[in-house]
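Order of listing sets the numbers, starting from 1, for every ligand and every atom in it. The first residue of the sequence shown is numbered 1, and numbering continues consecutively from there. None of the values given here were measured: they were computed from a predicted structure.
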Amino acid sequence: MSKKRVLSGIQPTADSFHLGNYLGAIKQWVAMQETHDAFYCVVDLHALTLSTSQTDPKLFRKRSLVAAAQLMALGLDPEKCTLFIQSQVVQHNQLAWVLECMTGFGEASRMTQFKDKSQKAGADRAVVGLFTYPILQAADIMLYDANYVPVGEDQRQHIELTRDLGQRFNSLYGEQLVIPEPFITKAAAKINDLQDPTAKMSKSAQSLAGVIDILDAPEVNIKKIKSAVTDTEREIRFDEKNKAGISNLLTIYTALTGKSISEAESEFAGKGYGDFKGAVAETVVTYFAPVRERMSELMSDEAELQRMLKRGAEKAEAVASQTLKRVYDALGVVPRG
Ligand code: TYM
């Protein structure tokens with residue numbers, strides 16, 4: 001039986017991915033390249049919706065390459081999966097337009113990420129790209145006939161929209177698009193900010209004191225973890241409602257060590273928060289040390305990195321161009337002779 005197809009993407013909006021990106025998404029990507037026919041992309045076009053991406057072309061370019069290198073340093077192997085930069089496969093924009101023509105204005109307005117981000121920017125300054133962002137994401141997914149989309153919990157609504165758009169297209173034009181399912185790992189679906197453990201860890205947070213960048217220097221991350229907000233009790237116990245900070249640290253600790261929550265609870269029974277935080281910090285820093293090393297190797301040969309990405313884009317395009325042709329044919333678009 002042929003392998004099921006997987007697609008996911010990540011925005012190159014910072015110099016380093018954070019722990020939420022890794023545990024919520026990338027860790028699953030690495031595992032799934034062994035078991036699935038996997039396509040992963042650095043979604044640079046999505047990142048253009050951010051004004052900071054538009055003001056510094058050199059930084060924008062560097063971040064796309066750094067993002068791709070980080071994915072490899074974290075374990076993606078271009079021999080096992082198809083790794084590429086979204087903008088190098090033009091069919092993404094082409095399918096997005098077709099889907100935009102089938103999306104209701106109200107439907108797009110209901111996307112919570114759009115509502116949050118446009119509110120932050122202020123209605124007058126929010127760009128149209130922020131509004132159509134989830135439709136481009138739907139195109140990313142359905143161009144590759146993806147069965148599963150490994151993402152964090154915050155992306156569930158976008159996958160739902162993708163499914164709705166795919167079903168709408170299919171009901172009008174026959175079974176052309178594969179309807180994907182979200183693949184969300186319960187245990188690490190939402191990693192929270194260390195300073196505000198009720199909010200998700202995010203690169204757009206106002207303060208970065210609670211965000212663990214995986215490429216940051218060990219001493220920076222040790223300090224951030226040791227200063228994580230907890231509670232006034234003494235017990236190390238998983239209770240998201242009453243002990244959000246400790247629960248978040250337990251989630252991080254167990255996700256990185258492979259231990260279960262109850263194993264971790266007994267390991268730290270009778271110990272203080274200081275000991276526990278020290279162990280979490282040590283785990284995080286040790287886990288990502290080889291990634292930092294591998295990163296500098298990969299970034300030292302940009303030409304080789306670009307060659308690998310070119311091969312990825314070619315493999316991706318071979319699939320994407322077939323899907324687009326199928327869609328255009330179904331729509332009655334006249335092919336160029
Ligand atoms: P981005 O770059 O914002 O996030 C990348 C991935 O990281 C996950 N994530 C988290 N998971 C758990 N806890 C957190 N605190 C946390 N923060 C981020 C996100 O859920 C995501 O899986 N819109 C997508 C990018 C995209 C995409 C696609 C994804 C564009 N096209 C096609 C899948 C398929 C996003 O949020 O990226």
> Going by the order shown, which atoms of ligand 1 are within less than 4.0 Å of some heavy atom of Gly24?
Replying inline: 11 (N), 12 (C)

>> Does only the side chain of Val151 get under 4.0 Å from ligand 1, or the backbone, or both, or neither? Count heavy atoms.
In response: both

>> Check this for me - ligand 1, Tyr133, N or O atoms closer than 3.5 angstrom, yes or no?
In response: yes

> Which residue owns the protein heavy atom closest to atom 19 (C) of ligand 1, what's the atom, and how far is it?
Replying inline: Asp154 OD1, 3.4 Å

>> At less than 4.0 angstrom from any non-hydrogen atom of Lys203, what atoms of ligand 1 do you find?
In response: 2 (O)

>> We want to know whether Tyr273 and Asp231 form a side-chain donor-acceptor pair, criterion being a heavy-atom distance below 3.5 angstrom.
In response: yes

>> Tell me the protein heavy atom at minimum distance from atom 17 (N) of ligand 1, and give that distance in Å.
In response: His18 CE1, 3.4 Å

>> For atom 28 (C) of ligand 1, what is the closest protein heavy atom, and at what distance to 0.1 Å?
In response: Gln137 CG, 3.3 Å

>> Tell me the protein heavy atom at minimum distance from atom 3 (O) of ligand 1, and give that distance in Å.
In response: Gln11 NE2, 3.5 Å

>> Taking the side chain as everything from C-beta on, heavy atoms only, tell me whether Leu250 gets closer than 4.5 Å to Phe276.
In response: yes

> Quick one: does ligand 1 sit under 4.0 Å from the side chain of Met142, the backbone, both or neither, non-hydrogen atoms only?
Replying inline: neither

>> For atom 13 (N) of ligand 1, what's the nearest protein heavy-atom neighbour? Residue, atom name and distance, please.
In response: Ile191 N, 2.8 Å

> What do we get for Val149 next to ligand 1 when only non-hydrogen atoms under 4.0 Å count, side chain, backbone, both or neither?
Replying inline: side chain

>> To check your reading of the model: name the closest protein heavy atom to atom 6 (C) of ligand 1, its residue, and the distance in Å.
In response: Ala25 CB, 3.8 Å

> Are Asp140 and His92 linked by a side-chain donor-acceptor pair shorter than 3.5 Å?
Replying inline: yes

>> One residue to check: Ser202. Relative to ligand 1, which of side chain, backbone, both or neither has a non-hydrogen atom less than 4.0 Å away?
In response: neither

> Of the protein's non-hydrogen atoms, which lies at the shortest distance from atom 10 (C) of ligand 1, and what is that distance?
Replying inline: Gly20 O, 3.4 Å

> Is it the side chain (CB and beyond), the backbone, both or neither of Gln86 that lies under 4.0 Å from ligand 1, heavy atoms counted?
Replying inline: neither

>> Using heavy-atom distances only, which candidate in Asn248, Val43, Ile141, Val42 approaches atom 34 (C) of ligand 1 most closely?
In response: Ile141

>> Please find the pair of heavy atoms, one from Ala255 and one from Leu23, that lie closest to each other, and give the distance.
In response: CB-CD2, 3.7 Å

>> Heavy-atom pairs closer than 4.0 Å: do any link ligand 1 to the side chain of Asp140, the backbone, both, or neither?
In response: side chain

> Hey, which atoms in ligand 1 end up nearer than 4.0 Å to a heavy atom of Leu7?
Replying inline: 32 (C), 34 (C)

>> Minimum distance, heavy atoms only, to atom 21 (C) of ligand 1: which one of Gly152, Ala189, Ala138, Pro12 is it?
In response: Gly152

>> For Tyr253 and Lys259, which I'm curious about, is there any donor-acceptor pair between the side chains at under 3.5 Å?
In response: yes

>> Which label fits Phe84 and Tyr144: parallel for a plane angle under 30°, tilted from 30 to 60°, or perpendicular past 60°?
In response: tilted

>> Taking the ring of Phe17 and the ring of Phe288, is the distance between their centroids below 6.0 Å?
In response: no

>> For Asn21, which part has a heavy atom under 4.0 Å from ligand 1: side chain, backbone, both, or neither?
In response: both

>> Between Thr162 and Asp164, is the side-chain hydrogen bond (donor to acceptor under 3.5 Å, both in side chains) condition met? List the steps.
In response: CA-CA 5 Å; Thr162 305; Asp164 288 347; over 6 Å; no

> Looking only at heavy atoms, what is the nearest atom pair of Met299 and Ala69, with distance?
Replying inline: SD-CB, 3.7 Å

> Considering only protein heavy atoms, which is closest to atom 36 (O) of ligand 1, and at what distance to one decimal place?
Replying inline: Gln155 NE2, 2.8 Å

>> Checking contacts here: is it the side chain or the backbone of Leu136 that comes within 4.0 Å of ligand 1, counting heavy atoms only? Could be both or neither.
In response: neither

> Numbering the atoms of ligand 1 from 1, which are under 4.0 Å from a heavy atom of Ile10?
Replying inline: 2 (O), 5 (C)

> Counting heavy atoms only, which part of Met201 comes closer than 4.0 Å to ligand 1: side chain, backbone, both or neither?
Replying inline: both

>> Which heavy atom of Ala187 sits nearest to which heavy atom of Thr251, and what is that distance?
In response: O-CG2, 3.1 Å

>> Do Arg63 and Asp15 make a side-chain contact, defined as non-hydrogen atoms from C-beta onward lying under 4.5 Å apart?
In response: yes

>> Ignoring hydrogens and geometry beyond distance, is a side-chain donor-acceptor pair present between Ser87 and Asp44 at under 3.5 Å?
In response: yes

>> Is it the case that the ring center of Phe183 lies less than 6.0 angstrom away from the ring center of His36?
In response: no

> Does Lys117 count as lying over the ring of Tyr133, i.e. NZ or CZ under 6.0 Å from the six-ring centre, within 45 degrees of the axis?
Replying inline: yes

